[in-house]
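By convention here, the first residue in the shown sequence is residue 1. We use all heavy atoms of the structure for the numbers below, so side chains are in, but hydrogens, waters and symmetry mates are not.
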Amino acid sequence: CLAASATYGVIVSGSLDRTCIVWDLNQLIYITQLPGHETGLSCVALNDLTGDIVSCAGAHLYIWTVNGQAIANINTACGPDEYILCCCFSELNEWDSHSVIIAGSTDGIVRLWKLEYSDTTTNEDETSPLRCVSSKMHKKGNKWEKHLVLCRELNRIAVQTGKRNRNGPAVTALAVSRNHSKLLVGDASGRIYSWSVEG
């Protein structure tokens, strides 16, 4: 799998041998490898606004900076045979709290993820003000880290039948429309569905 960003001048490649490499788009040379994938990669995506990289291997979703620093990762599996087949970013504004990572999986469900800070509290004094330190925020006694949080699940069969079903055709392709009003979803049966984006 491949993803490219002319804005950041990089290509990201992923392969079944578990390697995920960032390449220089202009000089076509190796920059860095994104480590830690436990299985072969199924898809990668690049955010043209922030430079963030998403790599998906099995049911695991990883997010990295354009420089290859890990930001967060999560195991998205709800069952033993579920894994991610495709992913993309919403790219409206880099500061937009509605910007999400969209992932389609073998269970026929599209999941929308976002990065949020969460507090990991320790027993130290909590009187100091917050200060930002790269992708982590620290307050004396508290440690804030970015984590991937599930925002929403889009299940076409559940909408049509009213019953929650995880046996729909696998989601094989995703795209966000140019005006960001629609999410297009392709499945293993060759159908394309359009989801409208609210507000």
Side-chain angles (χ1 to χ4, degrees), residues 1-76 83-105 110-117 132 134-136 145-152 154 171-186 192 194-195 197:
C1 48
L2 288 171
S5 170
T7 305
Y8 283 89
V10 296
I11 299 173
V12 178
S13 65
S15 66
L16 292 176
D17 67 0
R18 301 180 300 175
T19 57
C20 188
I21 298 174
V22 180
W23 304 89
D24 183 293
L25 179 61
N26 301 315
Q27 299 176 359
L28 300 177
I29 59 172
Y30 170 93
I31 296 174
T32 190
Q33 184 169 336
L34 307 178
H37 298 95
E38 296 177 12
T39 187
L41 280 89
S42 56
C43 57
V44 293
L46 272 158
N47 186 322
D48 266 334
L49 294 177
T50 64
D52 290 343
I53 300 166
V54 165
S55 59
C56 300
H60 285 47
L61 187 148
Y62 304 83
I63 186 163
W64 315 81
T65 67
V66 72
N67 297 321
Q69 296 174 322
I71 297 173
N73 69 73
I74 192 165
N75 182 350
T76 66
Y83 54 93
I84 299 169
L85 293 175
C86 52
C87 64
C88 66
F89 281 97
S90 69
E91 297 177 335
L92 193 54
N93 295 303
E94 65 272 14
W95 46 264
D96 187 0
S97 62
H98 298 296
S99 290
V100 293
I101 299 158
I102 306 163
S105 61
V110 175
R111 292 178 177 84
L112 283 64
W113 301 89
K114 65 180 176 179
L115 279 171
E116 285 188 352
Y117 280 102
C132 186
S134 67
S135 68
K136 296 181 182 178
E145 294 182 347
K146 281 189 176 179
H147 294 278
L148 284 161
V149 177
L150 182 64
C151 309
R152 189 170 206 181
L154 304 177
V171 176
T172 57
L174 295 166
V176 178
S177 65
R178 289 184 192 267
N179 66 0
H180 300 278
S181 65
K182 304 230 180 288
L183 172 64
L184 304 173
V185 178
I192 298 174
S194 175
W195 293 84
V197 178

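- The nearest pair of heavy atoms linking Asn75 to Ala59 is OD1-CB, 3.4 Å.
- For the atom pair SG (Cys43) and CG (Leu2), the distance works out to 12.0 Å, reported to the nearest 0.5 Å.
- Atom OG in Ser42 sits 6.0 Å away from atom CG in Leu85 (nearest 0.5 Å).
- Using a distance-only test at 3.5 Å, with no hydrogens or angles considered, no donor-acceptor pair links the side chain of Asn67 to the main chain of Gln69.
- Distance OG/Ser90 to CG/Leu183: 9.5 Å, rounded to 0.5 Å.
- Between the CG atom in Leu46 and the CZ atom in Phe89 there is a gap of 7.5 Å [rounded to 0.5 Å].
- Taking the six-membered ring for Trp and thresholds of 30 and 60 degrees, Tyr62 and His37 have ring planes more than 60 degrees apart, a perpendicular arrangement.
- For the pair Ser55 and Leu41, the tightest heavy-atom approach, listed with the atom from each and the gap, is CB-CD2, 3.7 Å.
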N/O donor to acceptor pairs below 3.5 angstrom from side-chain atoms of residues 6-14, sequence neighbours left out:
from: Tyr8; atom 1: OH; to: Leu49; atom 2: O; distance (Å): 3.1
from: Tyr8; atom 1: OH; to: Thr50; atom 2: O; distance (Å): 3.3
from: Ser13; atom 1: OG; to: Trp23; atom 2: NE1; distance (Å): 2.9

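- With a 4.5 Å cut-off on side-chain heavy atoms, Leu115 and Leu148 count as touching.
- The residue from Leu61, Val149, Val100, Ile102 that alone fulfils the side chain to side chain contact (heavy atoms under 4.5 Å, CB included) condition with Trp113 is Leu61.
- Here the shortest heavy-atom pairing between Cys87 and Ala45 reads SG-CB, 3.8 Å.
- Separating the CG atom in Asn47 from the OG1 atom in Thr65 is a distance of 12.5 Å, to the nearest 0.5 Å.
- Looking only at side-chain heavy atoms (C-beta outward), Leu174 and Val185 come within less than 4.5 Å of each other.
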Taking only distance into account, with no hydrogens and no angle test, what donor-acceptor pairs under 3.5 Å do side-chain atoms of residues 27-35 form with protein atoms, sequence neighbours excluded?
from: Tyr30; atom 1: OH; to: Gln33; atom 2: N; distance (Å): 3.1

Exercise for the section: Starting from the C-alpha separation in whole Å, work towards a yes-or-no answer on side chain to side chain contact (heavy atoms under 4.5 Å, CB included) for Thr76 and Ser105. Expected result: CA-CA 9 Å; Thr76 66; Ser105 61; over 6 Å; no

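- For the atom pair Ile63 CD1 and Cys56 SG, the distance stands at 10.0 Å (nearest 0.5 Å).
- Closest non-hydrogen pair, Ile84 versus Cys86, comes out as CG2-O, 3.5 Å.
- Side-chain contact between Leu150 and Arg111: present, with at least one pair of heavy atoms (C-beta onward) separated by less than 4.5 Å.
- Nearest heavy atom pair, residue Gly40 against residue Arg18, reads N-CG, 3.7 Å.
- Between Cys88 and Val176, the shortest heavy-atom contact is SG-CG2, 4.1 Å.
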